[in-house]
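One structure is given here, and the rest of the page talks about it.
Values below: every heavy atom of this structure, side chains too, minus hydrogens, waters and symmetry copies. By convention in this document, chain letters (A, B, ...) are assigned in the order of the sequence lines, proteins followed by strands, and residues within each chain are numbered from 1.
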Amino acid sequence: MDIKDIIKPENVVYSKTPVLSDAIMHYCPGCTHGVVHKVIAEVIEEMGIQDKTIGISPVGCAVFAYNYLNIDWEQAAHGRAPALATATKRLNPDKYVFTYQGDGDLASIGTAEVMHACNRGENIVIVFINNAIYGMTGGQMAPTTLLGQVTATTPYGRDAKLNGYPLKITELLAQLEGTCYVTRQSAQNPASVRKLKKAIRKAFENSMMEKGTSFVEVVGTCNSGWKMSPVKANKWMEENMFPFYPLGDMKDR
Amino acid sequence: MAEKILMKGNEAIAYGAIRCGADGYFGYPITPQSEVMETLMEQKPWETTGMVVLQAESETSSINMVYGGASTGKKVMTSSSSLGISLMAEGLSYLAGAELPCVVVNVMRGGPGLGTIQPSQADYFQAVKGGGHGDYKMIVLAPASAQDMYDYVGLGFDLAFKYRIPAMILSDGVIGQMMEKVEMGEMKPRRTAEQVKAECPWALTGKTPERDRNLITSLALDPNVQERVNIKLQAKYKEIQENEVRYATYLAEDAEYLFVAYGSMSRICEAAVDQAREAGYKVGLLRPITLFPFPEKQIKDMIPQLKGILTVEMSAGQMVEDVRLAVEGRIPVEFYGRMGGIIPSPDEVLDAFVKFFKK
Amino acid sequence: MAVKGAITVDTEKCKGCSVCIANCPTGTIALSKQVNGKGYNYAYMENPENCTGCTNCATVCPDAVITVYRVKI
């Protein structure tokens, strides 16, 4: 069979969702952000909620998420996205409101905001990208950087005496009464991406059921920050990140 | 005539918010303004008007909740005092940069640092000259009574939405804690979702096929774009300066000397004007109601009739700099102030006037 | 039932990260020798006869540049 006979509109089984804009993403090749953006966009398309979704972008690499998902967006000050989301959702309960935050934004400067939004049980979705490094500012230590991991501010590896321990903030948030769904996912292969999509969909659905906060961590790569090729970074993540940040649901009620 | 009710200035803020159709209040307790949120919680407006009231985990969070609410075109506000406003400085800069309307109340107390819970006016610079980073301004309204506290919430929202700018009500512990009769205006309903869409086409109301996605941000990495953002902001501030100056005068028509004071100090200076007149001195008062835009032209216009100006503040002398800028050295401008929570008496003000101008 | 697949790549948007190649179960995809406007070697079907249209490549693509087609034969 000739390829020309296969490549026809009626034979499409996968194409870019129209909720993703046509802008070329500024992310480095192989960056996990792109996959997660795509998954969120696909969930929005499948649920038919493009006109009812408000996204809140962080400070960090994902600050420009608003250029890629064709929905209404707020851009938050560093770490404050859950506070914005709190008011946005309380004043607009008919909207699906989600924040999209990295590890520096959510687990360092924004610890108070995420803790209290989750503890109040705000009916929002929080998508947390944990790649154990500050990407945008050039690869410094994040709260989630692993012990021994080399970054621009831990050039000899993270040392607990000097830098403290990697923060398992997702485990902390799972303890709070206000969270209804807390899960840790990844996006490095087809199976993990499909699981992630199910998790994001569940989180979005929860947010209309007054069940509390849904929190989806995605363990991802920063191949530029880690100084690896994208494929090697995925392997390093599986070997080093997953043992410390095990995947799976921590809470689902 | 509407009923007058005795209440604190802080309570008047709460009633003013509910009755002007505010959609949300987000705050954090701090003396001397805690009655604002206490009154709102007691009134439970979510059961009547549908207004959201929420106690946040910090002032930082409060102002960012305001940012989130304002992004959707809602009338949202917060209140705090001095050091709490310092914590909000980042958020205020973001609100100004993203051109979001909101009302922020500062019931000032003495500083710097943790300072005192007694009244002060030492946050004038913070309110009028910036406070946060970047070239930005807020509309700043200075109430002098509990009635003003009530009225300026609605006025603040009107101006904030007219210009897409944060409006600050710069009050102090005297006005916040003082009980006075307040005439409550007509109850205005909250705007419907359709009204918000019509009045705020920029607001995040959900991206429909009929329009492009809306974006609320203060980010423009390209310096050429960022400069254009700034030029637009400055043009807006100029328009506000030209159109929105508000001030009041007392016995100023034939005055040879002028007191310039705002907020609670203007009330004290009014008494000092009376005492000065009794002593035979032709003194009047100009009370700026808007601190930005400052009544610069109005002061300038009075210079020909004046021999001198005494600016009185509960600070080391902040607004006096704007008075001097307006006067441009053409007549003497003196300053009298007390700091750290001390409130000057009318006698002290008169003594200062005599010392500067009659000895 | 046998299936046959094919992909198209938006070559100007592809960054050549190779994640699709690592996740292709049939060895269909490789990076081209040519570069796009940004200087990236982009993904293409090196062995089109192998493609089953399983969508794995498109699923993991961070830049959503792959469209997948499938026919039953």
Give, as side chain, backbone, both or neither, the part of [X] having an atom under 4.5 angstrom from any heavy atom of chain A.
X	value
B:Arg190	neither
B:Leu54	side chain
B:Ile63	neither
B:Ala203	backbone

Could you tell me whether [X] atom [atom1] has more than 12 heavy atoms of other residues or ligands within 6.0 Å of it?
X	atom1	result
B:Ile117	CD1	no
B:Phe125	CZ	yes
B:Lys44	NZ	no
B:Tyr28	OH	no
A:Asp252	CG	yes
B:Glu227	CD	no

With a 4.5 angstrom heavy-atom cut-off, could you sort out which part of [X] is near chain B: side chain, backbone, both or neither?
X	result
A:Ala76	backbone
A:Tyr96	neither
A:Asn92	side chain
A:Val97	neither

Between B:Arg213 (side chain) and A:Tyr66 (backbone), is there a donor-acceptor pair under 3.5 Å?
yes
Answer yes or no: is there a donor N or O on one side and an acceptor on the other, between the side chain of A:Asp72 and the main chain of B:Gly206, under 3.5 Å?
yes
Look up atom [atom1] in [X] and atom [atom2] in [Y], then write down how far apart they are to the nearest 0.5 Å.
X	Y	atom1	atom2	result
B:Met65	A:Leu91	CE	CG	10.5 Å
B:Asp212	A:Ser21	CG	OG	11.5 Å
B:Phe26	A:Arg90	CZ	CZ	8.0 Å
B:Glu57	A:Arg120	CD	CZ	4.5 Å
A:Arg80	B:Tyr94	CZ	OH	9.0 Å
A:Trp73	B:Thr217	CH2	OG1	11.5 Å

Of the non-hydrogen atoms in [X] and [Y], which two are nearest, and what is the gap between them?
X	Y	value
B:Lys207	A:Ile71	CB-CA, 4.1 Å
A:Gln75	B:Ser218	OE1-N, 4.3 Å
B:Thr72	A:Ile54	CG2-CD1, 4.0 Å
B:Gly68	A:Thr88	O-OG1, 3.1 Å
A:Lys95	B:Thr205	CE-O, 3.1 Å
B:Asn64	A:Ala83	CB-CB, 3.8 Å

Shorter than 4.5 Å, heavy atoms on both sides: which option in B:Gly50, B:Ser61, B:Ala70 has the most such pairs with chain A?
B:Ser61
